[in-house]
Each structure stands twice: as C-alpha cells, then as structure tokens.
Amino acid sequence: MKRTTMRGQIGFVVLVFLMVGCASNRGEVALGSDISGFVDEYLIGTGDVLNVNVWRHEDLSLTVPVRPDGKITMPLVGDIAVGNKTPESVGAEIKETLGEFIREPEVQVIVVQMGGDQYRSRVRVTGAVNRPLSAPFRQGMTVLDAVLEAGGASEFASLGRATLYRSSGERVKLDLRGILNKGDMRTNFVLAPGDVITIPERAF
C-alpha cells in the first residue's frame with residue numbers, strides 16, 4: 001500500500017514538472033511573438049553601405065554606398081532609389097527589374113555599414129522652444145516627441161503657426177495647440193530624416 005502511494009506521489013511530481021515546463025515554453029513563444037511586433041524595420045539612409053547579392057550571378061552582385069541623392073547604381077538595373085526604404089523592399093524592386101533579363105533571380109540586400117553622414121539624418125526643432133533641438137533621427141519619432149525633446153514650446157510660441165519642413169521641400173502646417181493642449185494628434189506626423197519643425201513667436 002505504501003509503495004503504491006509513493007509511486008503515485010512520484011508520478012504526480014513528474015506530471016507537475018512537465019506541466020510547468022510546457023507552460024514555460026508556451027510563455028517564451030508568446031513573449032517572443034509580442035516583442036517582435038514592436039521591432040521597427042530599418043530604413044536605408046544616405047551613406048549606408050549595401051551588399052546586394054544576386055544568387056549565382058556574381059557579375060551582378062556588389063557592395064555599394066548609398067549616394068547623397070539616396071540612390072545606388074547596379075548592372076542592368078541602372079539607378080535605383082533606396083533611401084527611406086527597407087532592405088527587403090529594395091531587394092524586391094531589384095528582383096522585379098532583373099526578372100526582365102534573367103530567369104527567376106534571387107536577390108538579397110543587406111546593410112553592412114550604417115552611414116556616417118549623421119547630419120543629413122538629424123531632426124531639428126527651431127524657433128519658440130525652450131531648448132532648440134538638433135537630434136539624431138530615430139525610427140518612429142513624431143512631431144510631439146521632437147517638441148518635447150526641445151523642452152516644449154516657450155510661453156511666446158505661436159502654436160497655430162508651426163510648420164514642418166520636409167527634406168523633399170514639402171511644407172506641412174502643424175496644429176501644435178491641438179497636439180499639446182487638446183490631445184488632438186491629427187497633425188502629430190511621424191518624422192523622417194532631415195525634417196525641421198519651426199515654431200514662430202507670437203506677434204505682440
């Protein structure tokens with residue numbers, strides 16, 4: 001009777017360990033999945049060095065820096081714009097173009113060195129802020145993030161006249177009064193490298 005009871009206890013302990021182990025594994029998988037959803041994709045920038053590998057076509061494969069105009073040049077493909085794109089999307093574009101010349105090309109694009117042209121990839125906030133800002137661009141950075149890093153708008157700021165200047169030459173009006181005072185995020189745009197936010201002072 002005692003042996004049966006002991007065997008039952010041992011079996012119960014083993015079962016508990018197995019259940020804990022399975023639950024732990026499931027927890028690790030779930031945690032890994034959750035984290036991966038928050039990882040931002042890297043966008044290629046000026047000065048980055050790309051390795052473009054075309055499988056079984058060494059004559060088409062190359063390692064090349066991204067020019068100041070955001071482009072690279074490849075055999076058969078010619079100039080291709082890669083700036084502010086993911087390596088995966090650039091690889092897909094190259095594959096599509098090469099498909100006109102070779103059968104079923106396999107293309108892989110890897111960033112082997114990040115660019116040293118740091119000033120082109122900065123974000124700036126000027127004008128009526130407490131601390132004028134020139135900060136390195138970070139993926140996912142918004143207008144609100146940049147203004148807060150600049151110490152917020154000063155007491156003399158004209159919040160309704162703020163403007164976002166894109167490196168492309170585009171000008172976008174910002175409603176900083178809505179963003180800062182009302183929680184209205186309609187103009188809380190995601191920033192890009194080279195963006196400049198200007199906040200003029202009120203006219204007295």
Side-chain angles (χ1 to χ4, degrees), residues 25 27-125 133-149 164-172 174 185-197:
N25 288 338
E28 289 175 2
V29 172
L31 181 60
S33 300
D34 291 342
I35 291 174
S36 65
F38 290 98
V39 177
D40 293 319
E41 292 184 304
Y42 180 77
L43 299 181
I44 296 170
T46 299
D48 285 354
V49 178
L50 307 182
N51 176 258
V52 183
N53 181 46
V54 184
W55 190 54
R56 291 185 176 178
H57 291 275
E58 293 184 2
D59 55 324
L60 299 178
S61 301
L62 74 166
T63 299
V64 60
V66 180
R67 303 196 304 260
D69 61 359
K71 297 179 180 180
I72 63 172
T73 301
M74 276 193 64
L76 296 183
V77 177
D79 285 349
I80 177 171
V82 299
N84 290 328
K85 297 179 181 178
T86 64
E88 292 78 10
S89 65
V90 171
E93 288 185 39
I94 294 173
K95 177 179 179 179
E96 182 178 358
T97 303
L98 287 179
E100 301 175 7
F101 304 97
I102 59 180
R103 184 178 179 181
E104 297 181 354
E106 293 296 330
V107 180
Q108 184 180 39
V109 176
I110 300 174
V111 179
V112 295
Q113 181 179 328
M114 297 179 67
D117 194 357
Q118 58 176 322
Y119 291 102
R120 288 181 180 270
S121 62
R122 296 181 80 84
V123 169
R124 298 170 175 85
V125 183
L133 176 74
S134 176
F137 168 77
R138 297 188 301 278
Q139 188 75 14
M141 195 176 193
T142 65
V143 169
L144 177 58
D145 293 326
V147 172
L148 291 179
E149 282 198 38
L164 169 63
Y165 294 88
R166 301 285 196 185
S167 57
S168 62
E170 180 185 8
R171 297 183 181 184
V172 183
L174 301 175
M185 299 296 163
R186 284 178 293 179
T187 62
N188 184 34
F189 302 113
V190 175
L191 299 178
D195 280 356
V196 178
I197 299 169

Heavy-atom distance under 4.5 Å between the side chains of Val143 and Thr187, does that happen here?
-> no
Taking every non-hydrogen atom, the tightest pair across Ser134 and Arg124 = OG-NE, 3.7 Å
Spatial distance of atom CG (Asn188) from atom OG1 (Thr142) [nearest 0.5 Å] | 4.0 Å
Is a side-chain N or O of Ser61 found less than 3.5 angstrom from the main chain of Val54, in a donor-acceptor match?
-> yes
How many angstroms lie between CG in Leu98 and CD1 in Ile94, if you round to the nearest 0.5 Å?
-> 7.0 Å
Indicate yes or no: at least one non-hydrogen side-chain atom of Pro87 is less than 4.5 angstrom from one of Ile44.
-> yes
Nearest non-hydrogen partners of Pro193 and Asn84, listed with the distance | CD-OD1, 3.7 Å
Among Arg166, Arg171, Arg138, find the one that has a salt bridge (charged side-chain N to carboxylate O under 4.0 Å, His left out) with Asp195.
-> Arg166
Atom CH2 of Trp55 and atom CD of Glu104: how far apart are they, to the nearest 0.5 Å?
-> 10.5 Å
Check Pro105 against Gly99 and note the closest heavy-atom contact, atom names and distance.
-> CG-N, 3.9 Å
Anything under 3.5 Å between a donor and an acceptor, one on a side chain of residues 71-80, the other on a protein residue two or more places apart or in another chain? List them.
{"from": "Thr73", "atom 1": "OG1", "to": "Arg67", "atom 2": "NH1", "distance (Å)": "2.7"}
{"from": "Thr73", "atom 1": "OG1", "to": "Asp79", "atom 2": "OD1", "distance (Å)": "2.5"}

Inter-residue atom distance Glu149.CD - Leu144.CG, 0.5 Å rounding = 10.5 Å
Measuring from Arg122:CZ to Leu191:CG, what's the distance to the nearest 0.5 Å?
-> 14.0 Å
For the student: nearest non-hydrogen atoms of Gly140 and Asp145, plus distance = O-OD2, 3.9 Å
So do the side chains of Leu43 and Thr86 get within less than 4.5 Å of each other, counting heavy atoms only?
-> yes
Would you give the length of the straight line joining atom CD of Gln108 to atom CD of Glu88, rounded to the nearest 0.5 angstrom?
-> 9.0 Å
Just by modelled atom types, is the Val111 backbone N or O under 3.5 Å from a matching donor or acceptor in the Asp48 side chain?
-> no
